[in-house]
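Here is the structure we will look at, set down as structure tokens.
By convention in this document, chain letters (A, B, ...) are assigned in the order of the sequence lines, proteins followed by strands, and residues within each chain are numbered from 1.
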4 protein chains.
Amino acid sequence: MKKPNKSNTQLWTGRFQESVSDAVIDYTGSLDVDRRLAPQDLEGTRAHVQMLSSQGILSESNCESILNALSQVETEIKENQFPYRSELEDIHMNIESRLIELVGPSGAGVHSARSRNDQVSLDIKLYSRKTTNCWKNQLLNLQDSFLDRSEDLKEELFPAWTHLQVAQPISWSHYLLSFCVMFARDIERLESYQIRTSTSPLGAGAVAGSTLPINPEITAQTLGFKQSFENSYDVVGNRDFVLELLQIATQLMIHVSRLAEDFIYMSSSGVGWLRLPESLCTGSSMMPQKQNPDVLELARGRAASVLGHTQAVSTLLKGLPTSYHRDLQEDKTHLFATADIVTSTLRILPLIILGFQICRDKYTHLFKESFLESTDLAEYLVEQDVPFREAHRQVGKLVSYCASKNKALQELTDEEIQKWNPKCTKAVLKSLDPKSSLKRRNHKGGTGVKAVEKQLEHWHNWIKERRKTVSMK
Amino acid sequence: MKKPNKSNTQLWTGRFQESVSDAVIDYTGSLDVDRRLAPQDLEGTRAHVQMLSSQGILSESNCESILNALSQVETEIKENQFPYRSELEDIHMNIESRLIELVGPSGAGVHSARSRNDQVSLDIKLYSRKTTNCWKNQLLNLQDSFLDRSEDLKEELFPAWTHLQVAQPISWSHYLLSFCVMFARDIERLESYQIRTSTSPLGAGAVAGSTLPINPEITAQTLGFKQSFENSYDVVGNRDFVLELLQIATQLMIHVSRLAEDFIYMSSSGVGWLRLPESLCTGSSMMPQKQNPDVLELARGRAASVLGHTQAVSTLLKGLPTSYHRDLQEDKTHLFATADIVTSTLRILPLIILGFQICRDKYTHLFKESFLESTDLAEYLVEQDVPFREAHRQVGKLVSYCASKNKALQELTDEEIQKWNPKCTKAVLKSLDPKSSLKRRNHKGGTGVKAVEKQLEHWHNWIKERRKTVSMK
Amino acid sequence: MKKPNKSNTQLWTGRFQESVSDAVIDYTGSLDVDRRLAPQDLEGTRAHVQMLSSQGILSESNCESILNALSQVETEIKENQFPYRSELEDIHMNIESRLIELVGPSGAGVHSARSRNDQVSLDIKLYSRKTTNCWKNQLLNLQDSFLDRSEDLKEELFPAWTHLQVAQPISWSHYLLSFCVMFARDIERLESYQIRTSTSPLGAGAVAGSTLPINPEITAQTLGFKQSFENSYDVVGNRDFVLELLQIATQLMIHVSRLAEDFIYMSSSGVGWLRLPESLCTGSSMMPQKQNPDVLELARGRAASVLGHTQAVSTLLKGLPTSYHRDLQEDKTHLFATADIVTSTLRILPLIILGFQICRDKYTHLFKESFLESTDLAEYLVEQDVPFREAHRQVGKLVSYCASKNKALQELTDEEIQKWNPKCTKAVLKSLDPKSSLKRRNHKGGTGVKAVEKQLEHWHNWIKERRKTVSMK
Amino acid sequence: MKKPNKSNTQLWTGRFQESVSDAVIDYTGSLDVDRRLAPQDLEGTRAHVQMLSSQGILSESNCESILNALSQVETEIKENQFPYRSELEDIHMNIESRLIELVGPSGAGVHSARSRNDQVSLDIKLYSRKTTNCWKNQLLNLQDSFLDRSEDLKEELFPAWTHLQVAQPISWSHYLLSFCVMFARDIERLESYQIRTSTSPLGAGAVAGSTLPINPEITAQTLGFKQSFENSYDVVGNRDFVLELLQIATQLMIHVSRLAEDFIYMSSSGVGWLRLPESLCTGSSMMPQKQNPDVLELARGRAASVLGHTQAVSTLLKGLPTSYHRDLQEDKTHLFATADIVTSTLRILPLIILGFQICRDKYTHLFKESFLESTDLAEYLVEQDVPFREAHRQVGKLVSYCASKNKALQELTDEEIQKWNPKCTKAVLKSLDPKSSLKRRNHKGGTGVKAVEKQLEHWHNWIKERRKTVSMK
């Protein structure tokens, strides 16, 4: 079962009398997954080597030749010339092995005072930092697309629903700006995450640090972290920063899925309140006439995948003993899959927001037929000193009467109105039309034009401030 | 199928011609779950009524009689005298209904400019705030228990493992302090959560705010929130703050589960490195001799439950259209179950940390037999200018030789050592005993006594600072 | 911290020198959750005692007095007279303790050759069996409601969608019968589950069986199981039958959630293709005019809860060592919560299916406007020897032409048609109207009237056969 | 943003006036994932074409040339010569497009009366069937490895635990055979799954079947299914068979994870009851002496991944409207990832079972020190007519006495015994040694040698029967 060309190539086989089974190498290798960490591995190794040199653990000339070799490796990887060897388990051992090839025996000093345990943790942390920056920037772009559309729709009526039953008239701007609030919460979580996880793990070694005179704070600084680790034992088994990033992604993709659900609903044949840009739809292999909202459906479906990935990492960590265990290798599959989903989804969403068309004629009738002025009418009665619950009951009765007569509120005769409530008139009902309804809701956070203008101003400033702090690293 | 005493008691039936089926009332009612929100509902209602009054929507005398009635309701609930009626759906309608009974028709004004949509959201937010404060305080107590035990164990050796294979010697203090780092991450997440979610939803109404002249910023201030909501449409369908709290609880309980796994392992019959306090164990119904670590097993098992609750709420929200939908009612079951688990678990854990005994004789032999000085030896060779990877290989070979001869490293003869490496001597090996190993790891985050003393000092200060900011509200 | 009245009441404290902490009793007790297992505990205990007696381990008179006492306990529980004591941990110890009170010291023989480990496993298995029977019966009732409605709607057109875009005309019957297929899959899973899990765990003891001359096959037979356990070590740590039941419930509730989603969509204000019975809707606390599909929304939301419960039990079991661990106690919370959700949901769903009204006028226009005859037209061309992919392309072009002219296919002039395809005529297009489309789909599983009649016949027979095998035990 | 070479190559663009955005093609394409379905796609297409021909929808010569082209495509794929084009979305369109290239225009008839909706469903079902067969066969091999090891260990004592506290002596065979029961449950689920899901979806078309004179029962038979679909509407949106397979995989991997947990525990440094084969361990990059159980840790970690994949598909389906939606595309990612994990894990596990060594000297002392004869002693008292609960209490007291004196039960003097219980003697205690304990547990499912021999016989027969029915298709 053993093929000589695979076993014995590992860099840790000194202690083994039997060579490692190829079945094991196949089962445990992770190169296909972790090769994308190459840039992070190179960045971390550079910082490590410089620290070793400044602490006198590595000679200056040795340091220089390793740094040169690292540059060559970087070029090889970029130009697809790097000689990947799957039998070397992972990207970290591939790079170290290639270094030794290039530098000669002294290159073997690169792993002094380092274990894959702290090395891998560092690489994932650098990757997470890059991902966080990317998402933050994309979310700001997405918010921009909502702002753009909101600018001209401040007086355009939208039949706001609860329970998918139309409820009250608001403006399209108010509706669209609600997504700015949603995605702002995601941005704020990302910002808080970045600050709290800015800790370098390098120097923790396998679990107990090192007896060599290292200085973890130097590498932390070189790599742009706020601080180095507090406790070497904690750091090697810590994947909290992976789980939290996935949890943030779960929340973010839930937001996306709710947006997608709304737009699929509104563009569905039965509803038709909006039309998606044709160039963002796809067709059917059998039915020639179809134009389907596949992008939004996939975004919604991929939210489910992100939930699953988050669940996988939660379950992975639950009940695991502290310190490093090989189970942790599985975190990367889920992190990378999630990163790909979120990044590609945030890239395509603004196209939809900027491109959809409103189909007013499909819902205008609802403002009239669906008694959307009911709450305003009850609140009118409150202003006439009817206690709210009683006002609610009275309006309910009136609506029930209208429904049985198949009439809209505006179609009631003065006689019908007076019989119901002597304080009320056709004129009062008329004054409750949707446009005036909007106007009366100008408190903070409301749907009135002025309130919406304040929201717009708020978001313009908020996004501008945020943009200043986005690092693209 | 209809019993007259259930239907028609709802406060929203004006519009209905048929009365609501009892089957519906049974299926949709939530009083058993949400009755624990009574304190929050009263607090929120008080603030709402005061705002209505200060805005002139409610007369001062009306306001006063409602506030008095709220006090009576509070007393009735505290003293188990409150006449709960399950046919009134939920705690909110129970309290409003009771208010009207006590105040007379004018009590019906309490719900002016308010919907259950913003009311429920507020109540859950107040509950989440209280829960967050409680957990933070409990986590600080738990950290204290680790600090207490760490104080005297700075030189007590602990056979640190990776992969559950002993790896390197560290101190018990270093091991125990790693949990302070873990739980500090939870505390920092809770703090960030509190700041970011300090937004009052009151005033958003059903979805579109209100036409009455309300001022949401007043209620926000009264209730101690940093601000009022940005967008009424967003707020009624927003349960992000519930999901994030559950995600934090998931992370926290994963920490607990890893701690539990460690202690179950170390107190298991096959290991025995520590003994749990007898008063915290339980016995077997069949086997008279058993003492089992049930508390830790339940804590670990309940971590699984919290993962499930978090998953439930994620799935609940994924793909839901924006705005309020009744699905959201299910969030409370999972929030409350999680709160109960976390709170009761954090209450009992410090007893275990403060009470366990170390059984040194069960693991001392491992320091000798398990070649724990190997890494130090390799690092010694690095100091003799052997590149690390080569040093690693050489030590591996030596360990393999020892294993085949069934010898510890310390038992090698000078001859055996010299044959292996002329630069090395028995004296060198001797200098690598576990105690001296500790001493050489005094870099920041290391396990050396001085490094551990710095950790202790850090945590004492850290906890003291935190305690100042814990609100018990 | 210790109150004398709680500790020392446990039945397993002989070996303990310190009494068990009250904090432990509070944290580990499960009476509130497992009291609903009383009927199963009594049934299992009866069978156990009879076996002990028939094997000569218990005297006949002792057996008789215990059986009498069990009857009394049963009565006490039914009549709410049972003296529950939470300090006795769980329902099992409560019943055993009460037995000893009633029978005197000889009652203490009831637990011979039994441990809570096999006892609890048995009780849950009996509970699962009862639950399975209940669900199966309810699912058959639900299928009946779909059959009832399908009977008269075989020629009633339904605008079948894919991607929520209308696709092709089918009949309402065909649409409704698709749910019979769905729920039949659930029934078949339940049936398979019952057969495969019909194994009695009693006799496995704590983990190693018993040295007393027990006969597990007797108790298995008495309790109606197909067989007794194969291996005592396996059985005490086995909760696979709980997890599988939850997995089946997950699938079942996913079906319910998809049904709910359809009906919420079709009854939403924007769509309106059907109307839910008013008596199954609920209103709004603020908006007087609302009638909301709360039952369906809760059913959909509770599907999420069941997913969470299933996830909790999966995570609970993952990575747990074999044999019994206290973590397993958590399974019951999730099993019972799931049972309650599924049972109450299946009880209310048939009311909705039997009660909804079709609102034909809301969708009839779609058959004309949405080019639903496109696929038929392409297939017509195939019959004229145009290869399908080419036919698809041609029809696509025609539809695009119509869309740009804002015309339905039926509105094209002969000239326009001929220009497009000389083989085609207005008559051909006319023959592709929805009604005739149905008629041409009479292959097995199709939507044609004859094919639907076959489906109806199939389900009538299928349900009748199933009903014969439903046990109500 | 549009590159001409991507858009317009789709086979369904007839109806589109704008060409589809490249961003959409990138986001929606699935070729990288679904290319592994090529064999299933070819098998299904063959059956479809033959049916079309036998029903006269395709001419015989056309059929023949398509079948020939399919053979060529098959060869191209096997020999890595197939010209994959990612802009053609998926493997299905790639194959159809290549067919048309090879056959000319008449090849375009292959998609008559077929939609990707039923085609994809078929391909996944064929893939699931193959996977099921593979797993069943692998599970039988795994059972064999347990049987092999059990053969010689019928009298080899194993210190069975509950709560990881040693509980009672059983034999190693009994312990190992418990895994046969576990994995037998998985096999039985797979068998039941295969029977219940043996339904061909082909012929359901996009959602409504076809107007061409197809016969779905012919394709069902050709492809080896028990039957064709019952309802075309159900079938296109049905992924229950994917979810159920993942649920089975979850259960199976939970079993694997519990096995892994046991073996990691028993081979850990602190325990050492068994040694894993060196060739199945891996080393550390920093610590030269380490041999780690990475394979088992990865197996345990990958169980978490499978749980996550199952959760993803559950969440994907929950709340999705019926019929086909593009969300469903995500099912494949999770199905394939799961298939890879389960298959590779089941391949490597038997090596571990066949290779581990028992280290008796690490646990023999536990039989003496840990009072494992306590339950037997209590049962001995029961035979002397002491009611069990009283016997349990008495033995508990004795054990507590021994613990305080630091004595094993066997070390008690006659005097100490008599003081405790006059009926008992040293001889009685002696007779309760572990070996004799085993002998007294010969009831069905017990750990006695005879009982274990019956288990062995049972499994030999069971596996032999199963092997007959494993299809390798």
Residue from B/Asn442, B/Asn238, B/Val236, B/Thr197 scoring the most non-hydrogen pairs under 4.5 Å with chain A is B/Asn238
How are the rings of B/Tyr324 and A/His163 set to each other: parallel, tilted or perpendicular (split at 30° and 60°)? perpendicular
For B/Gln251 and A/Leu243: C-alpha separation, side-chain torsions, deciding distance, then whether side-chain contact (heavy atoms from CB on, under 4.5 Å) applies. CA-CA 8 Å; B/Gln251 179 69 80; A/Leu243 177 55; 3.6 Å; yes
Of all heavy-atom pairs between B/His443 and A/Phe229, which one has the smallest distance, and what is that distance? CE1-CZ, 4.3 Å
Chain B contacts, top residue of A/Leu259, A/Val235, A/Val452, A/Val399 (heavy-atom pairs, under 4.5 Å): A/Val399
Side chain from CB out, backbone as N, CA, C, O: work out which of these in A/Ile195 comes under 4.5 Å of a heavy atom of chain B, or both, or neither. neither
Under a 4.5 Å cut-off applied to non-hydrogen side-chain atoms, are B/Arg258 and A/Pro321 in contact? no
I need the A/His111 NE2 to B/Glu390 CD distance, nearest 0.5 Å. 15.0 Å
Evaluate the side-chain proximity of B/Trp161 to A/His325: yes if any heavy-atom separation is below 4.5 Å, no if none is. yes
State whether A/Arg185 and B/Asp234 are salt-bridged, where the test is any N-O pair (Lys NZ or Arg NE/NH1/NH2 against Asp/Glu carboxylate O) under 4.0 Å. yes
Would you name the heavy atoms of B/Ala108 and A/Pro387 that are closest together and state the gap between them? CB-CB, 3.5 Å
Calculate, to the nearest 0.5 Å, the distance between atoms OG1 and CD belonging to B/Thr315 and A/Gln311 respectively. 8.0 Å
Ignoring hydrogens, what is the shortest heavy-atom contact between B/Val207 and A/Ala167? Give both atom names and the distance. CG1-CB, 4.2 Å
Distance in Å, B/Asp262 CG paired with A/Leu320 CG, rounded so as to fall on 0.5 Å steps: 9.0 Å
Return the orientation label for the A/Phe158 and B/Tyr233 ring planes: parallel under 30°, perpendicular over 60°, tilted otherwise. perpendicular
Checking heavy atoms, do the side chain of B/Thr375, its backbone, both or neither come under 4.5 Å from chain A? neither
Shortest non-hydrogen contact between B/Leu212 and A/Val382, atoms and distance: CD1-CG1, 4.1 Å
With rounding to the nearest 0.5 angstrom, report the CD1 to CD distance, B/Ile57 to A/Glu383. 8.0 Å
When you measure from the side chain of B/Arg441 to the backbone of A/Ala208, do you find a donor-acceptor pair of N or O atoms at a distance under 3.5 Å? yes
Max heavy-atom pair count under 4.5 Å with chain A, selected residue of B/Gln247, B/Gln455, B/Arg300, B/Gln168: B/Gln247
From OH (A/Tyr175) to CG (B/Asn231), nearest 0.5 Å: 11.0 Å
Using a cut-off of under 4.5 Å on heavy-atom pairs, state which of B/Gly237, B/Gly445, B/Gly446 scores highest against chain A. B/Gly445
Heavy-atom nearest pair, A/Ser323 first then B/Thr162, reads OG-CG2, 3.4 Å
Is there a side-chain contact between A/Glu379 and B/Ser210, using heavy atoms and a 4.5 Å cut-off? yes
Ranked by heavy-atom pairs below 4.5 Å to chain B, first place among A/Gly448, A/Ser106, A/Ser314, A/Ala303 goes to A/Ser314
Chain B contact via A/Ala260 - which portion, at a heavy-atom distance below 4.5 Å: neither
Quick one, A/Glu230 with B/Lys454, criterion side-chain contact (heavy atoms from CB on, under 4.5 Å). Give me CA distance, side-chain angles, the key distance, then yes/no. CA-CA 10 Å; A/Glu230 286 295 338; B/Lys454 278 196 187 149; over 6 Å; no
Report the C-alpha separation of A/His255 and B/Asp240 in whole Å, then their side-chain angles, then the decisive distance to 0.1 Å, and conclude whether the side-chain contact (heavy atoms from CB on, under 4.5 Å) test is met. CA-CA 9 Å; A/His255 291 157; B/Asp240 293 2; 2.5 Å; yes
Side chains of B/His174 and A/Ser232: is there a donor and an acceptor less than 3.5 Å apart? yes
Nearest 0.5 Å, please: how far is CE in A/Met182 from OG1 in B/Thr322? 6.0 Å
Ranking B/Ile170, B/Asp327, B/Thr447 by heavy-atom pairs under 4.5 Å to chain A gives rank one to B/Ile170
Name the member of B/Gly209, B/Ala184, B/Gly319, B/Ala113 that forms the most heavy-atom pairs with chain A at distances under 4.5 Å. B/Gly319
Which of B/Lys444, B/Lys397, B/Glu188 touches chain A most, by non-hydrogen pairs under 4.5 Å: B/Lys444
